[in-house]
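Notes follow once the structure below has been shown.
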Amino acid sequence: MHYLRLFARRLEPGGLFLAVVFFALSMTPSLLPRTWYLQGVATGISIVTGYGFGCLVIWIAHLCGVRPRWSEDTKRFGWWTLAVTAVVVIPLFLIFGSRWQEIVRRLVEVDVEGPGRVLYLAVLLVALVVAVLLLSAARGLRWCARRLVALLTRLLPIPAAKAIGVAVVALITLFLINGAVNRVLIAAIASSSEIADKGSHAGVEQPTAPENSGSPESNEKWDSLGMEGRRFVSSGPSADDIEAFTGEPALTPIRAYVGAARADSIDEAADRVVAELRRTGAFDREIIAVATTTGRGWVNEVVAGSLEYMYGGDTAIASMQYSFLPSPIAFLADRDSPREAGRALFDRVYDAVQDLPEESRPKLVAFGESLGAYGGQDAFGGGPDMVARTDGALWVGNPNFTKQWSEITADRDAGSREILPVVSDGRYVRFAGRPVELELGTPWGETRVVYWQHASDPIIWWSPNLILHQPDWLREERGVDVDPRVRWFPFVTFWQTTFDMVFSTDVPQGYGHNYGEDAVDLWAEILRPDGWTAEDSARLRDIVAG
């Protein structure tokens, strides 16, 4: 208690006022519904941010020689005003926040009920704990800096001592954080992930069909494919499944896959995938698809299966694992491997296709989701290159740092929105959150590239730029699955979107980062299979939706 009283006495009232303001802003809605404890963490960080801004303003004022001498009555009035503001604003925005979260849940069709307004009081408790911990850490660093400055003033002028002292503490802090994260935490996660990768999902069994990697006839051992690779090669539709859908004889789809444990390098893994394609006769199929995976080797089964059903199994999908890290960790710590893998695999498959006589080449398409979309696009210089070297592409839930996506989006036609850009009147590249949005009423070329992105997907819209810059998607009309009350606030929106990413897949298909049976309609628009109808799409949607 003594520490808390001492802690409270040293609080700056100007900083506290902005802390209350930032508390209120943090309760406003964002892209997806948040659990109460994540809301508490986001709110706690926002409180400290607001407090820091207030202290910064006061510090700058003091540097400029502005040091008002308030009377005791004025100070007392100020504290009472702050207390009344907090007593009114905090409960009011807890109620508003609870209500706004209910609205967001309905927009994205989440059936799970929220914590309720009474339990939402726990948000305040979590926020205060987080705020106190962060502020205590900041004060500890300030104490270290002051002690170092006191020692340096014995040797140096005061201005130089202050500059050096603060810089040294800042550098040491950054060094320790980077070292702890990169050398200890990431290494530990990588080690445990590599061990976990040797396991298998429930119900996954080794395929017997020679068309699949990991089968007895395959060059790739079953145990080497990794957890997600084993699920991928064993989970596709069989020829019988496809025949039941089409009513015509079907082929067993080819799934060529190489695990990270099997190859010494990404280039070697890509070469092994091509060897698997040759072994299975993949270059005689009508369609070859290059699928770049996410961190641990995951491929969206609905996107893959839709393509296989649509072409009667006359398909081959080439893919490979490039990392043991889970996607969220790879998202933060390893952005090079997805790009290297996407470029290496596509280039080798493309070269193999080009070596065939022109009249007997299969159609070549590319797809990937999330880190897979990010990595897969690195094989191309941009939209025109995709059109030139593929027969179609489907990029799903692109992270905001995807270079090709960013450049194409930035080059959109005037008047089109960032969430649904129109590029060159939609001649070759189109964007859609839902299949109906592909219809622009303008001509669409033979080779078609589709960017599939939900307006409520935080993976797409998260960026460090949110800290200080309002993005176009928060200046324009919101998407149909986003609350029109969503607003941009410095720092606050960044943390809201950051925590939205945590449960971005825990929403129904069609929202957030959950991309499912709409893949059927998108592939149909991209490839336009002969004789394919809207009824076929409807029946296939029911199948792939499970």
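Put simply, CZ on R448 and CG on L394 are 13.5 Å apart, with the number rounded to the nearest 0.5 Å. To the nearest 0.5 Å, atom CG of residue L16 and atom CG of residue L11 are 5.0 Å apart. Rounded to the nearest 0.5 Å, atoms CD1 (I95) and CE (M27) are 10.5 Å apart. To the nearest 0.5 Å, atom CD of residue Q496 and atom CG of residue L38 are 12.5 Å apart.
Side-chain contact between Q404 and W395 is absent, with no heavy-atom pair separated by less than 4.5 Å.
Checked for salt-bridge contact, R541 and D521 meet the test: a charged N lies under 4.0 Å from a carboxylate O. By the 4.0 Å N-to-carboxylate-O rule, D483 lies close enough to R485 to be salt-bridged with it. Classification of D518 and R434 as a salt-bridged pair fails, no side-chain N sitting under 4.0 Å from a carboxylate O. Look at R139 and E12 and you find no salt bridge, because none of the NZ, NE, NH1 or NH2 atoms lies under 4.0 Å from a carboxylate O.
Checking N514 against Q509 by side-chain atom types alone, no donor-acceptor pair falls below 3.5 Å. For T43 and S26, the side-chain atoms include at least one donor-acceptor pair closer than 3.5 Å. Counting only N and O atoms by type, the side chains of Y511 and D457 include no donor and acceptor under 3.5 Å apart. Checked by atom type, the side-chain pair R430/T442 shows a donor-acceptor distance below 3.5 Å. A side-chain donor-acceptor contact under 3.5 Å links S71 and T74.
Heavy atoms only, all atoms of each residue included: A86 and P91 are closest at O-CD, 3.7 Å.
Looking only at distances, no side-chain donor or acceptor of Y374 sits under 3.5 Å from a matching main-chain atom of T294. With hydrogens and angles ignored, the 3.5 Å screen pairs no side-chain donor or acceptor of R296 with any backbone N or O of T293. Within the 3.5 Å criterion, the main-chain N or O of R34 finds a donor-acceptor partner in the side chain of Q101.
Heavy-atom neighbours of R106 CZ from other residues, nucleotides or ligands within 6.0 Å: above the threshold of 12.
Ring pair F96/W100 is tilted by interplanar angle, where 30° to 60° counts as tilted. Using bins of under 30°, 30° to 60° and over 60° for the plane-to-plane angle, the ring pair F22/F53 lands in the tilted bin.
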**Q.** Residues W462, F494; criterion ring pair (Phe, Tyr, Trp, His ring centres under 6.0 Å); working and verdict
**A.** CA-CA 7 Å; W462 181 90; F494 170 79; 5.7 Å; yes

